[in-house]
Amino acid sequence: MYDFKKIEKYWQNYWNKNQTFAAKNGSEKEKYYLLVEFPYPSGAGLHVGHARSYTALDTVARQKRMEGYNVLFPMGWDAFGAPAEQYAIKNHIHPKDAVKENIKTFKAQIEELGISFDWNREFSTTDPEYYKWTQWQFLQFYKHGMAYKAKKNINWCPKCKSGLSNEDAAGGVCERCGTKVVQKEKEQWMLKMSDYAEDLIEGLKDTNFSKRVKLGQINWIGKSEGAEINFEIENEKEKIKVYTTRPDTIYGATFMVIAPEHPIINKLENKIKNMDKVKEYQEFAKTKTEFERTELSKEKTGVKLEGINAINPFTNKSIEIWISDYVMMNYGTGAIMAVPAHDNRDYEFATKFNIKVIKVIEGDTTPYIGEGKYINSDILNGLTNKTEAINKMIEEIKKRKIGDKKINYRLQDWVFSRQRFWGEPIPLVYCEKCGWQPVNEEDLPVLLPDVANYEPTENGESPLAGIDTWVNTVCPKCGAKAKRETDTMPNWAGSSWYFLRYMDPKNDKEFVSKDALNYWGKVDWYDGGMEHTARHLLYARFWNQFLYNIGLVPNKEPIDIRTSHGMILGPDGEKMSKSKGNVINPHDMIEEYGADALRLYEMFIGDYEKDAAWSTNSLKGCKRFLDRLWKIGDKLNDQKGYTKESLAHKTIKKVTNDIKSMKFNTAISALMIMLNEYDEQKTITKDDLRLIVHLLNPFAPHITEEINKKYNLGKPLCESLWPKYDEEKTIDETCEIIFQVNGKLRGKETVNINISKEEMEKIAKENENVKKFIQDKEIVKIIIVPGRLVNIVVK
RNA sequence: GCUUGUGUGGCGGAAUUGGUAGACGCGCACGACUCAAAAUCGUGUGGCUUUAGCCGUGUGGGUUCGAUUCCCACCACGAGCACCA
């Protein structure tokens with residue numbers, strides 16, 4: 001047999017030595033930019049899921065190169081973030097050393113897979129040469145008024161004295177120590193992402209994302225159209241503004257609910273008679289975590305504001321005002337008009353607290369919002385069309401000057417601060433006299449200092465706050481004593497623009513040169529995990545749209561096609577995890593079966609966009625295919641051309657198209673069919689063999705090159721042009737047609753492809769079995785589809 | 001709850017614009033080789049049955065000469081969002 005380890009090593013060295021996969025900036029060739037999500041280099045090493053994504057786009061990359069494109073297919077490391085920091089805290093080593101080690105492991109594992117990355121462009125988000133430009137771009141946000149500081153509630157672990165991301169606070173407890181998470185108010189840097197809500201929806205039109213990815217984006221942005229309406233408070237000047245998508249139901253608004261944090265409460269504190277109860281409820285709401293608010297509190301809670309009432313502007317009736325945590329301060333106006341007859345939540349609330357329910361839409365089954373004839377609604381009475389009613393109501397609201405049409409988005413501004421050590425320092429300085437000042441651009445990067453302790457401080461500040469020599473600096477504006485911002489950027493920062501840096505990774509004058517931007521343009525195809533199609537993709541698009549708006553990049557949308565691969569599950573069908581003991585390590589598979597077999601299997605496993613359970617037996621099947629391919633060379637004869645002309649052209653066509661449409665499994669299946677056919681033959685030609693190894697090369701690049709070399713079939717495949725097919729030659733001279741009687745299969749026959757309809761009918765009627773089914777019956781109709789079938793309809 | 005996918009043999013999965021359902025692979029069974037096993041090779045493999053046939057793509061209906069494919073209703077599973085007014 002063959003020594004796959006030796007072969008794989010040989011070709012990996014060959015590609016490296018010849019710089020086969022180096023992309024060339026400004027090449028005459030047409031460009032194609034393929035991108036996979038750069039990994040977080042964890043200590044666990046490469047996952048078979050990484051291998052799936054990398055192999056998939058590697059297959060595309062290798063095909064594209066053979067088709068004559070200048071392909072950019074880069075790789076790097078997204079290495080800032082909590083896990084490295086925690087590892088450092090535990091083991092008392094600098095995160096940068098831990099990251100260095102992990103990158104080494106990851107890179108070795110990717111290299112042994114034979115992925116055709118252009119390693120010349122490799123970088124890590126933690127390289128000062130890289131994060132210098134992340135900081136520089138943050139300053140552009142700041143200088144354009146897109147970054148601001150605001151008080152925000154964050155998840156807080158009182159024991160670890162640390163802010164936690166929503167992921168780390170899942171289930172309402174600190175992931176690290178299990179302590180109950182509370183909400184704590186903290187000043188945070190924010191990016192004005194909500195300004196871009198509409199653009200981020202609109203921009204999707206300029207992309208070729210799949211439907212589900214687009215919907216994911218739209219869903220996350222959460223656009224809704226409605227109206228803002230002012231409700232007067234009885235005997236007060238103050239008004240409460242509500243947001244509603246159903247102003248047409250206003251005649252049914254029998255009470256009002258405001259968020260517990262609503263500012264009107266403090267303003268009218270001395271008018272509210274039960275302020276102690278209100279305060280108690282506010283405290284109660286505050287201690288509830290996000291988790292409890294959504295998961296546990298199915299039962300509605302709330303407190304009525306005694307002593308003040310609002311006026312429904314259309315019924316002119318006095319209505320109660322309640323506070324409840326089912327109304328959020330951070331959406332809409334933090335206040336709603338409650339229409340219990342036609343809103344499920346309002347209905348639950350009204351039922352619990354015995355509040356009047358007035359129906360305004362006939363036939364609408366409480367408690368769901370619906371459509372029907374308007375009743376009890378004065379100016380709307382008699383209408384039946386929802387849109388018409390809403391429009392009429394908005395007109396009326398405008399006329400009375402009590403409100404206006406309003407569009408709201410769920411998308412909020414991006415909380416950009418982290419109280420952690422292992423992130424890009426935010427390059428701002430606070431001066432008592434001048435306030436916040438950006439660090440001079442020529443002083444970037446603001447380097448992370450070497451410190452002995454990475455733990456967060458007592459009051460939850462980043463560990464950076466404890467390093468006086470680093471914190472104390474001078475004001476870039478006035479030169480007086482000043483302090484550095486000690487918050488760092490979130491993990492998402494570095495990954496929001498890394499695809500731009502690949503175009504020009506060594507540039508120390510600009511984040512990327514104009515020439516490189518103009519040449520490479522958009523990412524043509526970006527593949528990654530489904531878990532990143534919402535947030536990461538949105539952040540990256542937002543970041544790029546901002547750069548576009550200030551004239552730094554040529555395209556508003558940075559990515560053309562986005563695809564998402566399914567997960568690879570353990571053999572038990574469960575998500576792979578150490579605790580379940582179902583983890584498959586790609587390195588072990590490569591050791592035992594070779595990189596080509598692993599690659600082939602991962603592409604053959606099934607629908608690329610769906611999850612799939614691991615099966616080592618199926619992997620063995622792919623290995624078996626490669627073993628048979630290796631042996632088929634024993635059958636070579638001296639003849640030229642293809643032994644099976646139409647099979648050859650058909651297979652070229654199928655493999656070519658299937659790779660482009662990510663139907664890797666059927667491409668491989670076609671090649672298996674081809675090999676099976678070669679097996680049937682006594683001998684095959686060199687052209688036959690060259691063709692199958694050529695078509696298989698993007699999937700199994702090592703063994704195919706080796707076979708090509710072994711039998712002197714031609715130039716190395718990676719330096720050859722992709723095979724072309726002739727459409728005319730994909731058609732066979734004969735075809736099998738079927739005979740049906742009343743739509744049921746009754747016979748078949750192989751005929752010449754050019755046979756006429758009349759002849760087809762004749763052959764069908766002569767078929768013995770068909771005769772049996774049509775004798776003594778009246779023929780009603782005969783349907784003939786050339787090259788396919790004859791269907792005789794009888795009565 | 002809303003949005004969105006997906007339902008095909010024992011398993012992963014194939015099936016142009018509606019036109020032979022189950023390609024390809026795994027598994028399994030039998031056979032060859034072997035003292036034996038593994039590996040390899042060969043044959044078979046949706047179910048029920050008598051060559052021929054009947055039933056079969058989640059369930060029920062519809063359109064059609066013909067439906068895995070199109071339409072309607074329902075069921076199940078997965079994913080995303082989730083008290084968003």
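Residue numbering restarts at 1 for every chain, and letters A, B, ... go by the order of the sequence lines.
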**Complete:** When rounded to whole Å, the NZ to C1' distance for the pair A:Lys744 and B:G66 reads 11 Å

**Request:** Return the value, rounded to whole Å, for the distance between atom NZ of A:Lys623 and atom P of B:C26.
**Result:** 14 Å

**Qualifying residue for side chain to side chain contact (heavy atoms under 4.5 Å, CB included) with A:Ile336, from A:Thr244, A:Ile240, A:Val257** = A:Val257

**Request:** Remember a base hit wins even if backbone is also touched, and classify A:Asn676 as base, sugar-phosphate or nothing at under 4.0 Å, heavy atoms.
**Result:** sugar-phosphate

**Item:** side-chain hydrogen bond (donor to acceptor under 3.5 Å, both in side chains) against A:Lys214, all qualifying residues, sequence neighbours excluded
**Value:** none

**Prompt:** Looking only at side-chain N and O atoms, does A:Tyr326 come under 4.0 Å of OP1 or OP2 in B:A85?
**Reply:** no

**Request:** Could you check if the base of B:G9 is syn or anti? Syn means the glycosidic torsion is within 90 degrees of 0.
**Result:** syn

**Complete:** Across all chains, not counting sequence neighbours, the side chain to side chain contact (heavy atoms under 4.5 Å, CB included) partners of A:Phe773 are A:Val741, A:Arg746, A:Asn769

**Prompt:** Just checking A:Gly216: base, sugar-phosphate only, or nothing, at a heavy-atom cut-off of under 4.0 Å?
**Reply:** nothing

**Prompt:** For the pair made of CG in A:Asn344 and P in B:G1, what is the distance, rounded to whole Å?
**Reply:** 10 Å

Please report, to 0.1 Å, the donor-acceptor pairs under 3.5 Å made by any side chain of residues 404-412 of chain A, with sequence neighbours excluded.
residue, atom, partner, partner atom, Å
A:Tyr409, OH, A:Glu198, OE1, 2.2
A:Gln412, NE2, A:Asn330, O, 3.1

**Message:** Strictly distance-based, threshold 3.5 Å: is any side-chain N or O of A:Glu778 a donor or acceptor partner for the main-chain N or O of A:Lys795?
**Reply:** no

**Prompt:** Rounding to a whole Å, what distance do you find between A:Asn219:CG and B:G1:C1'?
**Reply:** 13 Å

**Message:** Can you check the distance between B:A29 and B:A39, where both ends of the measurement are the P atom (answer in whole Å)?
**Reply:** 13 Å

Side chains of residues 658-665 of chain A: which donor-acceptor partners sit under 3.5 Å, not counting sequence neighbours?
residue, atom, partner, partner atom, Å
A:Asp658, OD2, A:Lys654, NZ, 2.9
A:Asp658, OD2, A:Thr666, OG1, 2.8
A:Asp658, OD2, A:Ala667, N, 3.4
A:Lys660, NZ, A:Glu67, OE1, 2.9
A:Lys660, NZ, A:Glu67, OE2, 2.8
A:Ser661, OG, A:Asn657, O, 3.0

**Asked** So does A:Arg410 get a side-chain nitrogen or oxygen closer than 4.0 Å to the phosphate oxygens (OP1/OP2) of B:U3?
**Response** no

**Contact state string [nucleotides 7-23 of chain B, B base, S sugar-phosphate only, - no protein heavy atom under 4.0 Å]** = -----BSSSB--BB--B

List, with names and distances, any nitrogen or oxygen atoms from the protein found under 3.5 Å away from nitrogen or oxygen atoms belonging to nucleotides 39-41 of chain B.
residue, atom, partner, partner atom, Å
B:U40, OP1, A:Arg624, NE, 3.1

**Message:** With no hydrogens and no angle check, just 3.5 Å: does a side-chain donor-acceptor pair link A:Thr207 and A:Tyr526?
**Reply:** no

**Fill in**
Closest of B:A85, B:C24, B:C54 to the A:Thr245 side chain is B:A85

**Asked** Tell me, which pairs form a side-chain hydrogen bond (donor to acceptor under 3.5 Å, both in side chains) where one or both residues lie in residues 620-631 of chain A, sequence neighbours left out?
**Response** A:Tyr2-A:Asp627, A:Lys623-A:Asp627, A:Arg628-A:Asn676, A:Arg628-A:Asp679

**Complete:** Residues passing the side chain to side chain contact (heavy atoms under 4.5 Å, CB included) test with A:Val751, sequence neighbours excluded, are A:Cys735, A:Ile737, A:Glu749, A:Ile755, A:Ile763

**Request:** Among B:A52, B:C83, B:C24, find the nucleotide with the atom closest to the side chain of A:Lys300.
**Result:** B:C83

**Complete:** Sequence neighbours excluded, the answer for side chain to side chain contact (heavy atoms under 4.5 Å, CB included) partners of A:Ala700 is A:Asp596, A:Leu626, A:Leu696, A:Ile703

**Message:** Just to verify, what does A:Arg52 make a salt bridge (Lys or Arg N to Asp or Glu O under 4.0 Å) with, not counting sequence neighbours?
**Reply:** none

**Item:** Interatomic distance, A:Ile321 CD1 vs B:A85 C1' [rounded to whole Å]
**Value:** 17 Å

**Item:** Atom-to-atom span, CG of A:Leu600 to P of B:C26 - whole angstrom
**Value:** 12 Å

**Message:** In whole Å, I'd like the distance from the OH atom of A:Tyr601 to the P atom of B:G25.
**Reply:** 15 Å

**Request:** Whenever both distances are under 3.5 Å in a Watson-Crick or G-U wobble pair, mark it; put RNA chain B into dot-bracket that way, with [ ] for crossing pairs and | when the partner is on another strand.
**Result:** (((((((..(((......[....)))((((((.......))))))(((....)))..(((((..]....))))))))))))....

**Complete:** Taken in chain and number order and not counting sequence neighbours, the residues that satisfy side chain to side chain contact (heavy atoms under 4.5 Å, CB included) with A:Met567 are A:Leu569, A:Lys575, A:Asp611

**Item:** Length of the line joining A:Met603:CE and B:G25:C1', which is rounded to integer Å
**Value:** 15 Å

